[in-house]
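Structure record follows, encoded as structure tokens.
Convention: sequence-line order gives letters A, B, ...; per-chain numbering from 1.
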Number of protein chains: 2
Amino acid sequence: MAETVPAAPAGSKSEQAYALIKARIVEGTYSPGHRLVLARIAGDLGVSVVPIREAIRRLEAEGLVTFERNIGATVAGIDPTEYLYTMQTLSIVEGAATALSSPLLGAADITRARGVNEEMRTCLKDFDPVRFTRLNQEFHSVLFERCPNPHILDLVHRGWNRLASLRSSTFRFVPGRATESVDEHEALLRLIESQAGADAIEKAARLHRSATLDAYLAQSSAADSS
Amino acid sequence: MAETVPAAPAGSKSEQAYALIKARIVEGTYSPGHRLVLARIAGDLGVSVVPIREAIRRLEAEGLVTFERNIGATVAGIDPTEYLYTMQTLSIVEGAATALSSPLLGAADITRARGVNEEMRTCLKDFDPVRFTRLNQEFHSVLFERCPNPHILDLVHRGWNRLASLRSSTFRFVPGRATESVDEHEALLRLIESQAGADAIEKAARLHRSATLDAYLAQSSAADSS
DNA sequence: AAGTACGAAATCGTATACGAAGCGTAGGAG
DNA sequence: CTCCTACGCTTCGTATACGATTTCGTACTT
């Protein structure tokens, strides 16, 4: 036998704690604003607070949690301003990642992306924001995941993670954007298939995301003044 | 009196440790590959290892140190591949930051940047790579520091920090690039003064950095084949 | 002479313990 | 009735202690 304990997920407890807390944030178990009490989490995991503290520090540096001295950690909420900044940043790094990734995409990748996009299209009737958002992430993942620069890829992942806590929010908030989004996806695929220049692909990918942001902002300000 | 202890630099010891280690890495006291022994640092600071561990975790998440389980932390070196990735990432985020910042730059900022650039020009004779690199950072800081998106700004800072450990290396390695660099700076300033579009400024800023990277790569491969 | 196995030293990983700082509540004074 | 103060509870911050893991040196075997 390899292990005394059947399930030893990761090496160190600090590592496990990191993975667990991050997962819970991304998946929504810990929603924004949720207070992360060290002793509580330590108890849940059956470990002491020390590894938990280290995990929290890492998450803090990644921007997933905020931490105040002598106060504690809370899941980083995303107020509208934060959302704006995060989306803008993501538009830039994801645009770059997609452009760098595009020459490395094979026919199979394009087919897969197109399949996902078709699924999104069928999803438009009896609209399910959560499912739509999941598919949306999958679609874009196919396009940028082959980016050869690991730093940029990491930044893209972090951006998506930050938005993950919002889950579905954007498309729930601006459902009208979903249709346009699907169309833009197809256009983006054609651009990549035609071996368009990196500049063109980057710009298209960036604008695609900016457009979602703009739709959100328009909706938001309309709601304000209503 | 406000404080019992005259000098209480920062709030928590973990914070102090973070600041100190980061400073030592950036300033070069801890050079790449340097092993960061927890007990040693703890002794230096007169604290226990726990706050040190937290500081290291944060630095790890920022990419300034690498950490291996049961082995320890070392200052993240930058091998040529890492350098390439970091510069490419920086070209993208700094380009974006500069473009976003440019509309907010006042005449005073432009004047200051131009002054720094002139200093760089005089620095070309009896070339001092360290000083030149410092001025180079100052020049670019003026241009991107007003970027209203704190996330992007943070990414730019992190990129510069990662490169800081190399200190001077690039321009020492490719001194010929320094002259071009100064000229491109002036061109960039004119572009900003003329209220050029964000696209043009972003592209110029990005290419400016890419060109440095390319010069490095050319030099590097030439050295290999010699 | 080279390779391997054993053991000691160094270092990391985590638990426990205790002190310090915030936060809420209850009680009294104005 | 309201505001201020004092107490106690919760939670964080750090030190210390001990077990676990790796590394390196040395001696022994082939």
Side-chain angles (χ1 to χ4, degrees), chain A residues 1-22 24-25 30-61 64-77, chain B residues 1-22 24-25 30-61 64-77:
Chain A
M1 65 174 76
E3 295 281 342
T4 319
V5 181
S12 87
K13 305 203 174 176
S14 155
E15 209 71 32
Q16 294 173 236
Y18 170 77
L20 180 86
I21 299 171
K22 182 170 177 177
R24 289 205 178 159
I25 292 175
Y30 294 153
S31 37
H34 184 104
R35 239 193 115 186
L36 300 170
V37 180
L38 299 182
R40 178 90 161 62
I41 300 174
D44 279 358
L45 282 175
V47 302
S48 86
V49 297
V50 179
I52 307 294
R53 291 182 66 89
E54 290 180 24
I56 298 271
R57 288 299 195 184
R58 288 174 61 185
L59 293 166
E60 180 196 12
L64 280 177
V65 312
T66 60
F67 198 82
E68 282 177 289
R69 167 161 162 107
N70 280 324
I71 302 287
T74 58
V75 176
Chain B
M1 66 173 72
E3 294 281 343
T4 319
V5 182
S12 87
K13 306 204 173 175
S14 153
E15 209 72 32
Q16 294 174 237
Y18 170 78
L20 180 86
I21 299 172
K22 183 170 177 177
R24 290 203 177 159
I25 292 175
Y30 294 154
S31 38
H34 184 103
R35 246 197 108 184
L36 300 170
V37 180
L38 299 182
R40 178 91 162 59
I41 300 174
D44 279 359
L45 282 175
V47 302
S48 86
V49 297
V50 179
I52 307 295
R53 292 182 64 90
E54 290 180 24
I56 298 271
R57 289 298 195 184
R58 288 174 60 184
L59 293 166
E60 180 196 13
L64 281 176
V65 311
T66 60
F67 197 82
E68 283 177 289
R69 166 159 160 110
N70 280 324
I71 303 287
T74 58
V75 176

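In this entry the distance linking CD of A:Glu54 with C1' of C:dA15 reads 13 Å, nearest Å. Across the protein-nucleic acid pair, B:Arg40 atom CZ and C:dC12 atom P stand 12 Å apart, rounded to whole Å. In this structure, CD of A:Glu15 is placed 16 Å from C1' of D:dT21, rounded to the nearest angstrom. Spacing between atom CZ of B:Arg53 and atom P of D:dA15 amounts to 14 Å, rounded to whole angstrom units. The CD-P distance, from B:Glu68 to C:dG13, rounds to 11 Å in whole Å. Between B:Leu38 atom CG and D:dT14 atom C1' the separation is 15 Å, expressed in whole Å. Rounded to whole Å, the distance from CG on A:Leu45 to P on C:dG13 is 17 Å. Rounded to whole Å, atom P of D:dT14 lies 8 Å from atom CD of B:Gln16.
Contact detail for B:Val75 and B:Ser31: the closest heavy-atom pair is CB-O, 3.6 Å. Between A:Ile71 and A:Arg35, the shortest heavy-atom distance links the atoms O-NH2, 2.8 Å. Between A:Thr66 and A:Ala76, the shortest heavy-atom contact is CG2-CB, 4.1 Å.
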Using atom names, set out every protein N or O paired with an N or O of nucleotides 5-10 of chain C below 3.5 Å, distance rounded to 0.1 Å.
none

Protein-nucleotides 16-23 of chain C N/O pairs closer than 3.5 Å?
| from | atom 1 | to | atom 2 | distance (Å) |
| --- | --- | --- | --- | --- |
| C:dA21 | O3' | A:Asn70 | ND2 | 3.4 |

Inset, instruction - For B:Leu64 and B:Lys22, run side chain to side chain contact (heavy atoms under 4.5 Å, CB included): C-alpha distance rounded to whole Å, both residues' side-chain angles, the deciding distance at 0.1 Å, then the answer. - result: CA-CA 8 Å; B:Leu64 281 176; B:Lys22 183 170 177 177; 4.0 Å; yes
Legend entry - Steps toward side chain to side chain contact (heavy atoms under 4.5 Å, CB included) verdict (A:Leu38, A:Arg53): CA-CA 7 Å; A:Leu38 299 182; A:Arg53 291 182 66 89; 3.5 Å; yes
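Annotation: side chain to side chain donor-acceptor pair (under 3.5 Å) contacts of B:Arg40 (sequence neighbours excluded): B:Asp44. Contacts of A:Arg57 classified as side chain to side chain donor-acceptor pair (under 3.5 Å), with partners at least two apart in sequence or in another chain: A:Glu60, B:Ser14, B:Glu54. Checked against salt bridge (charged side-chain N to carboxylate O under 4.0 Å, His left out), A:Arg69 has no partners two or more places apart in sequence or in another chain.
With C:dA15, D:dT14, D:dG13 as the candidates, the nucleotide lying closest to the side chain of A:Val47 is C:dA15.
A ring pair (Phe, Tyr, Trp, His ring centres under 6.0 Å) check over residues 31-52 of chain B, counting only residues at least two apart or in different chains, returns the pairs B:Tyr30-B:His34.
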